[in-house]
Amino acid sequence: MPTALITGATAGIGAAFAARLARDGRDLVLVARDGDRLEAAAARHREHGVSAQVLVADLATVEGRARVADRLADPAAPVDLLVNNAGATQRRPFLEADPALLQGQHDLNVTAVLQLTRAALPGMVQRGRGAVVNVASMLGFATGSRSTYTAEKAWVTVFTEGIAATLAGTGVRALVLCPGFVRTEFHERAGLDVGARRGLMWLDAERVVEECLADLARGKVVSVPSPQYKAFATLIDLLPRPLLRRLMAAVERGRR
Ligand SMILES: NC(=O)c1ccc[n+]([C@@H]2O[C@H](COP(=O)([O-])OP(=O)(O)OC[C@H]3O[C@@H](n4cnc5c(N)ncnc54)[C@H](OP(=O)(O)O)[C@@H]3O)[C@@H](O)[C@H]2O)c1
């Protein structure tokens, strides 16, 4: 069975990817830091008759990224779908944030995506098949003075678009998933108060994954799940950048 490796596979969007791919009959490699939670998730997925390997790794560390990169580059156990999903933000404004935490966030959100994509692609290109899905965010289309998260997600989007172009004709694809608000553990982990998480702009992780995989099958490069966020992305595109900056700054002031 074709194998998928998913980072951040124990919660939220990553867990939804793993569940859907297991139902599709994909063998899985699941990556996260919490080993017990990974083992429990792997046991659930094995009930679908697929194999599920557990890889405990902190992708904010050199060693963690190396462990996953080695697995991706192993020619004896090829990975045909890499989902670079693990990501996080911290809550504090840039000038108040702990520099070490900022660096760890950058290494998780950017360095891991770069290194794991680089480790996975040569084998896929050689085999003439495969795909990389990188999870960015709607925020990557906007601006943000509060934290480096927006810039990191913009990097993931532009990086993936560039990679997709270089892969043309190889049989390998790259797609960037840009969700809006999704009901996961993300905001709670960051200590962000986002209220009741109800309403049109809050999506379930399962729906985000379904739309993403449908877009991948259609050969799309950028996936923005739901009509409401497609409209939002178009609006952001149309706004003059100085106006967008002022609007985002006002939103961020309102959050303090
Ligand atoms: N939720 C949203 O509204 C939203 C919107 C746009 C984009 N996104 C993006 O979607 C992706 C998934 O987010 P989510 O909302 O599903 O988050 P989540 O519910 O908080 O899940 C995060 C997952 O990543 C793992 N993880 C966190 N830090 C890690 C590290 N240093 N090394 C390895 N694994 C790590 C976690 O497991 P462990 O703690 O065990 O490591 C967990 O499995 C992220 O890239 C996020 O930026 C989310």
Side-chain angles (χ1 to χ4, degrees), residues 5-20 28-42 54-69 71 82-91 100-113 115-116 133-142 144 147-157 159-160 176-195 197-199 201-209 211-212 222-226 229 232-233:
L5 184 147
I6 303 148
T7 69
T10 50
I13 297 170
F17 266 111
R20 159 67 202 271
L28 301 175
V29 184
L30 309 173
V31 180
R33 292 167 299 180
D34 182 333
D36 291 342
R37 215 173 163 188
L38 275 171
E39 290 294 354
V54 159
L55 211 51
V56 178
D58 181 347
L59 294 171
T61 67
V62 172
E63 305 74 37
R65 291 191 297 276
R67 195 169 313 133
V68 182
R71 175 64 188 84
L82 164 63
V83 183
N84 275 314
N85 161 78
T89 189
Q90 52 84 45
R91 178 175 61 89
L101 287 182
L102 283 176
Q103 188 61 56
Q105 179 186 309
H106 185 85
D107 286 341
L108 173 64
N109 290 344
V110 173
T111 313
V113 175
Q115 294 181 349
L116 302 190
V133 171
N134 291 330
V135 183
S137 167
M138 280 296 295
L139 276 179
F141 298 137
S147 110
T148 52
Y149 180 79
T150 307
E152 287 155 1
K153 293 303 186 180
W155 182 90
V156 173
T157 301
F159 166 69
T160 310
V176 59
L177 169 61
C178 303
F181 288 126
V182 189
R183 291 182 198 89
T184 69
E185 299 173 9
F186 179 84
H187 303 91
E188 205 181 318
R189 282 174 192 258
L192 292 166
D193 181 6
V194 284
R197 309 198 303 173
R198 280 198 293 266
M201 301 316 270
W202 280 93
L203 304 181
D204 287 329
E206 290 71 23
R207 174 181 180 179
V208 168
V209 166
E211 292 199 27
C212 172
V222 179
S223 177
V224 177
S226 84
Y229 278 112
F232 198 61

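As the structure lists them, so they are numbered: ligands from 1, and atoms in each ligand from 1.
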Please list the nearest protein heavy atom to [atom] with its residue and the distance rounded to 0.1 Å.
{"atom": "atom 47 (O) of ligand 1", "answer": "Tyr149 OH, 2.5 Å"}
{"atom": "atom 28 (N) of ligand 1", "answer": "Arg33 NH2, 3.2 Å"}
{"atom": "atom 32 (N) of ligand 1", "answer": "Leu59 N, 2.9 Å"}
{"atom": "atom 1 (N) of ligand 1", "answer": "Thr184 OG1, 3.1 Å"}
{"atom": "atom 17 (O) of ligand 1", "answer": "Phe186 CB, 3.7 Å"}
{"atom": "atom 3 (O) of ligand 1", "answer": "Val182 N, 2.8 Å"}

Atoms in ligand 1 flagged as close to Asn85, the criterion being non-hydrogen separation under 4.0 Å: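 What qualifies from ligand 1 is 11 (C), 12 (C), 44 (C), 45 (O).
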Per-atom contacts of ligand 1 with His187, taking only distances under 4.0 Å to non-hydrogen atoms: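 In order of numbering, the contacting atoms are 1 (N), 2 (C), 3 (O).
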Please determine if [X] has a nitrogen or oxygen closer than 3.5 Å to a nitrogen or oxygen of ligand 1.
{"X": "Gly14", "value": "no"}
{"X": "Ile13", "value": "yes"}
{"X": "Gly8", "value": "yes"}
{"X": "Trp202", "value": "no"}
{"X": "Val31", "value": "no"}

Would you please classify the geometry between the His187 ring and the Trp202 ring as parallel, tilted or perpendicular, with 30° and 60° separating the classes?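 Trp202 and His187: perpendicular rings.
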Parallel, tilted or perpendicular: which one describes the rings of Phe159 and Trp155, with boundaries at 30° and 60°? parallel
So, Glu63 and Arg67, do they make that salt bridge, N to O below 4.0 Å? no
Tell me the nearest of [options] to [atom], using heavy-atom distances.
{"atom": "atom 7 (C) of ligand 1", "options": "Ala136, Ala205, Gly87", "answer": "Ala136"}
{"atom": "atom 36 (C) of ligand 1", "options": "Lys153, Glu185, Arg65, Arg189", "answer": "Arg189"}
{"atom": "atom 21 (O) of ligand 1", "options": "Ala41, Ala9, Ala11", "answer": "Ala11"}
{"atom": "atom 4 (C) of ligand 1", "options": "Gly180, Ser137, Cys178", "answer": "Gly180"}

Non-hydrogen atoms of Asp204 and Arg183 that approach each other most closely: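 Looks like OD1-NH1, 2.7 Å.
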